[in-house]
2 protein chains.
Amino acid sequence: MSSDLHVTVAARLHQVGQRFTPGRRALVDVLDASERPLTLPEILEHDSSVAQSSAYRNLSVLERASVVRRISTTDEWARFELAEDLTEHHHHLICGICGTVEDFTVGADLELAVDRALRRIARRRGFAPEHHRLDLIGTCSRCV
Amino acid sequence: MSSDLHVTVAARLHQVGQRFTPGRRALVDVLDASERPLTLPEILEHDSSVAQSSAYRNLSVLERASVVRRISTTDEWARFELAEDLTEHHHHLICGICGTVEDFTVGADLELAVDRALRRIARRRGFAPEHHRLDLIGTCSRCV
DNA sequence: CTCAGTGCAAAGGATTTGCATGCCG
DNA sequence: CGGCATGCAAATCCTTTGCACTGAG
């Protein structure tokens with residue numbers, strides 16, 4: 001199951017001249033097991049075997065290898081998730097109070113309409129599109 | 001023209017027990033004059049009469065008064081813009097290299113479709129929607 | 001032997017806060 | 001007069017970096 005993932009990750013790391021070490025494997029596994037983007041403290045809770053600085057350093061390496069995506073929400077913590085082409089294209093419910101993020105997806109037709117519209121705008125502005133971001137900001141059930 | 005804006009801002013500040021001081025007026029005017037969200041250094045360039053800490057403090061007050069919206073992009077600086085109900089509902093082209101943000105709008109029909117889809121998701125998850133965010137991340141013309 | 005990867009501790013840097021002063025109401 | 005607003009400087013705190021050590025190839 002996730003051995004496919006490991007092979008892909010190893011390949012991408014190799015492409016940027018980096019190894020797939022146990023510490024990096026642990027990070028990938030934690031992110032893969034999560035339904036939502038995690039902050040660094042959350043990651044360390046799941047796996048306390050890595051030092052904080054190494055975790056940051058490895059997340060940065062994994063980001064350069066296109067394995068991990070870093071996202072900023074409303075609070076002071078960055079959140080990390082696996083790159084979309086390793087999982088599935090999705091969007092975020094972001095709680096404006098506690099900053100927690102949940103994943104969700106929308107229908108392919110809406111997705112397509114959005115993409116077409118954005119591509120047109122980008123062309124007009126001389127902007128090279130990479131990906132879009134469609135999030136809903138509000139208040140999660142726990143923050144009422 | 002912008003005196004309407006000043007009246008509205010004054011009212012909203014009053015609602016949270018704060019005054020509409022010259023320093024705050026300057027912030028509102030700078031943001032109102034800009035076509036895009038600004039970082040704090042950019043704001044201070046336009047008006048160096050306020051201390052950095054006061055600018056942050058006042059932006060925070062204005063945010064609590066629903067006059068200013070703070071947004072996070074890819075770089076380390078927060079960006080500030082006027083609340084959408086004081087301007088116009090819009091979206092952002094975000095450069096992944098330099099972090100610069102440009103505004104754009106999309107058609108009302110797409111806007112409606114997006115809003116309907118997101119509302120449905122939110123209801124299912126017990127999430128209280130506040131606003132959505134539809135951005136395009138890529139590379140701006142200056143970063144090639 | 002070499003060099004990437006790691007842990008620890010210290011530095012960085014955007015943002016926040018304490019405190020004394022000034023000013024509006 | 002009372003309390004908010006401001007400037008300055010110091011503190012915060014997430015994140016990055018320097019450095020010495022270790023282990024894989």
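In what follows, chains are A, B, ... by sequence order, proteins preceding strands, each numbered from 1. None of the values given here were measured: they were computed from a predicted structure.
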How many whole angstroms separate atom CG of A:Leu62 from atom P of D:dT15? 16 Å

Protein-nucleotide distance (A:Leu44, atom CG; D:dC13, atom P), rounded to Å: 18 Å

Out of C:dG7, D:dG7, D:dC4, minimum distance to the side chain of B:Arg19 belongs to D:dC4

Any side-chain N or O of B:Ser54 under 4.0 Å from OP1/OP2 of D:dG7? yes

Please work out if A:Ser49 contacts a base, only the sugar-phosphate, or nothing of the nucleic acid, heavy-atom cut-off 4.0 Å. sugar-phosphate

Can you check whether B:Leu31's main-chain N or O pairs, donor with acceptor, with B:Glu81's side chain at less than 3.5 Å? no

Closest contact, heavy atoms only, A:Ile94 versus B:Phe127: O-CZ, 3.3 Å

Under 3.5 Å between N/O atoms: give me all the protein pairs with nucleotides 11-15 of chain C, atom names plus distance.
residue : atom : partner : partner atom : Å
C:dT15  : OP1  : B:Ala78 : N            : 3.0
C:dT15  : OP2  : B:Tyr56 : OH           : 2.1
C:dT15  : O5'  : B:Tyr56 : OH           : 3.2

How long is the line joining CG of A:Asp75 and P of D:dC13, in whole Å? 14 Å

Got a list of protein N/O to nucleotides 18-20 of chain D N/O distances below 3.5 Å?
residue : atom : partner : partner atom : Å
D:dG18  : O6   : A:Arg57 : NH1          : 3.4
D:dG18  : O6   : A:Arg57 : NH2          : 3.3

Rounded to the Å, how far apart are A:Leu27 CG and C:dG7 P? 10 Å

Indicate yes or no for a side-chain donor-acceptor contact from A:Arg69 to the backbone of A:Pro37 under 3.5 Å, with no hydrogens or angles considered. no

To the nearest Å, how far apart are A:Gln18 CD and C:dA4 P? 8 Å

Considering all heavy atoms, the nearest B:Val16-B:Ala65 contact: CG2-CB, 3.9 Å

Determine whether A:Val28 and A:Leu86 make a side-chain contact, defined as any pair of heavy atoms from C-beta on separated by less than 4.5 Å. no

Only residue of A:Val68, A:Asp29, A:Val67 satisfying side-chain contact (heavy atoms from CB on, under 4.5 Å) with A:Val9 is A:Val67

So, is B:Thr21 close to the D:dC4 phosphate, meaning a side-chain N or O under 4.0 Å from OP1 or OP2? no

Using whole Å, what does the distance between atom C1' of nucleotide C:dG7 and atom CG of A:Asn58 come to? 12 Å

Ignoring hydrogens and angles, state whether a donor on the side chain of B:His132 or B:Glu111 is under 3.5 Å from an acceptor on the partner side chain. yes

In whole angstrom, what separates A:Leu59's CG from D:dT17's P? 14 Å

A:His14, NE2: over 12 other non-hydrogen atoms inside 6.0 angstrom: no

Expressed in angstrom and rounded to an integer, what is the separation of B:Arg24 atom CZ from C:dC24 atom P? 14 Å

Within the 4.0 Å heavy-atom criterion, would you say A:Gly17 contacts the bases, only the backbone, or no part of the nucleic acid? nothing

So, the side chain of B:Ser34 versus the backbone of B:Val30: is there a donor-acceptor pair under 3.5 Å, distance only? no

